[in-house]
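Sharing a structure here in structure tokens format.
Note that the structure is predicted; figures quoted are calculated from it, not measured.
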Amino acid sequence: MSDAQPPARPPEPQGPAARPTSPPPSPMARATRLPDHPVARAAIIQHMLAGAGLRVTRPRQAIAEVLLLAWDHPDAEAVLARARAIDPSISQATTYRTLAVLADKGYLRTHNFGTGGARYEVAEQHHDHLVDVDTGAVMEFVSAEIEALQQKIADRFGYDIVDHQLVLFGKQRAKG
């Protein structure tokens, strides 16, 4: 894991309910991640790219914007398609290189949810994932009980946890 720290962001709302990967009620529902004001939005994107050691170019700005607004853990092809909606000149190579650098520098988390390729999300407050194996839907959740159990196990073996990812795979129960 890299020593680079992602930019500080206000924490997203928490609670017992999972945050499913269905579209938010409005395009700015994730306003805690990327503000609607164009100057503030540009500053966050520039900070992310420059902090990762990347030159700030229009294609990379579009890629970063797509990632910061994503609600569904997109794969590289989805990031490319969405970024091309902003700037049609974006190349596949630029997209893949930008994703690799942002992940390497700690600005993105890379996941493999058993769907055949890497999927990405902006590295922010820790959370775990539950993947519906029938639909591929990914729900995010936070559980103090799981975190406490992981710490207890690490203590038992004499370790300090430096990072982890928990992904649960399940089938929705029949209603009734």
inquiry  = Donor-acceptor pair, distance only, cut-off 3.5 Å: does the side chain of Arg84 make one with the backbone of Ile90?
reply    = yes
request  = Can you measure from NE2 (His73) to CG (Asp75) and round to the nearest 0.5 angstrom?
outcome  = 12.5 Å
request  = List the atom of Leu80, the atom of Ser91, and the distance in Å for their closest heavy-atom pair.
outcome  = CD1-O, 3.8 Å
remark   = Rounding to 0.5 Å, atoms CG (Asp104) and CG (Leu99) come to a distance of 12.5 Å
Donor + acceptor pair across side chains of Tyr159, Gln151 (<3.5 Å) = no
ask   = Is Leu149 reachable from Phe157 through a run of hydrophobic residues whose side-chain heavy atoms are each under 4.5 Å from the next?
value = yes
Minimum-distance pair of heavy atoms, taken over all atoms of Ala62 and Ala83 = CB-O, 4.1 Å
ask   = Is any side-chain heavy atom of Glu65 less than 4.5 Å from a side-chain heavy atom of Arg82?
value = no
query = Which pair of heavy atoms, one from Val79 and one from Pro74, lies closest together, and at what distance?
reply = CG2-CG, 3.7 Å
note = Here the pair of heavy atoms bringing Ala76 nearest to Thr95 is O-CG2, 3.9 Å
note = Value for CG (Asp132) from NZ (Lys171), rounded to nearest 0.5 Å, stands at 8.5 Å
request  = Verify whether one side chain among Gln46 and Gln61 offers a donor that lies under 3.5 Å from an acceptor in the other.
outcome  = no
note = Between Arg60 and Arg55 the two heavy atoms that sit nearest each other are NH1-O, 3.0 Å
inquiry  = Please find the pair of heavy atoms, one from Ala154 and one from Ile161, that lie closest to each other, and give the distance.
reply    = CB-CG1, 3.6 Å
query = Pick one: which of Ile63, Leu67, Thr57 meets side chain to side chain contact (heavy atoms under 4.5 Å, CB included) with Thr98?
reply = Ile63
ask   = Does a sphere of radius 6.0 Å around CG in Asp134 hold more than 12 heavy atoms from other residues, nucleotides or ligands, not counting ones at 6.0 Å or beyond?
value = yes
inquiry  = One pair to check against side chain to side chain contact (heavy atoms under 4.5 Å, CB included): Arg58 and Ile86. What are the steps and the verdict?
reply    = CA-CA 10 Å; Arg58 184 65 194 128; Ile86 297 168; 2.9 Å; yes
message = Just verifying a value: how many Å separate Leu49 CG and Lys105 NZ, rounded to the nearest 0.5 Å?
response = 13.5 Å
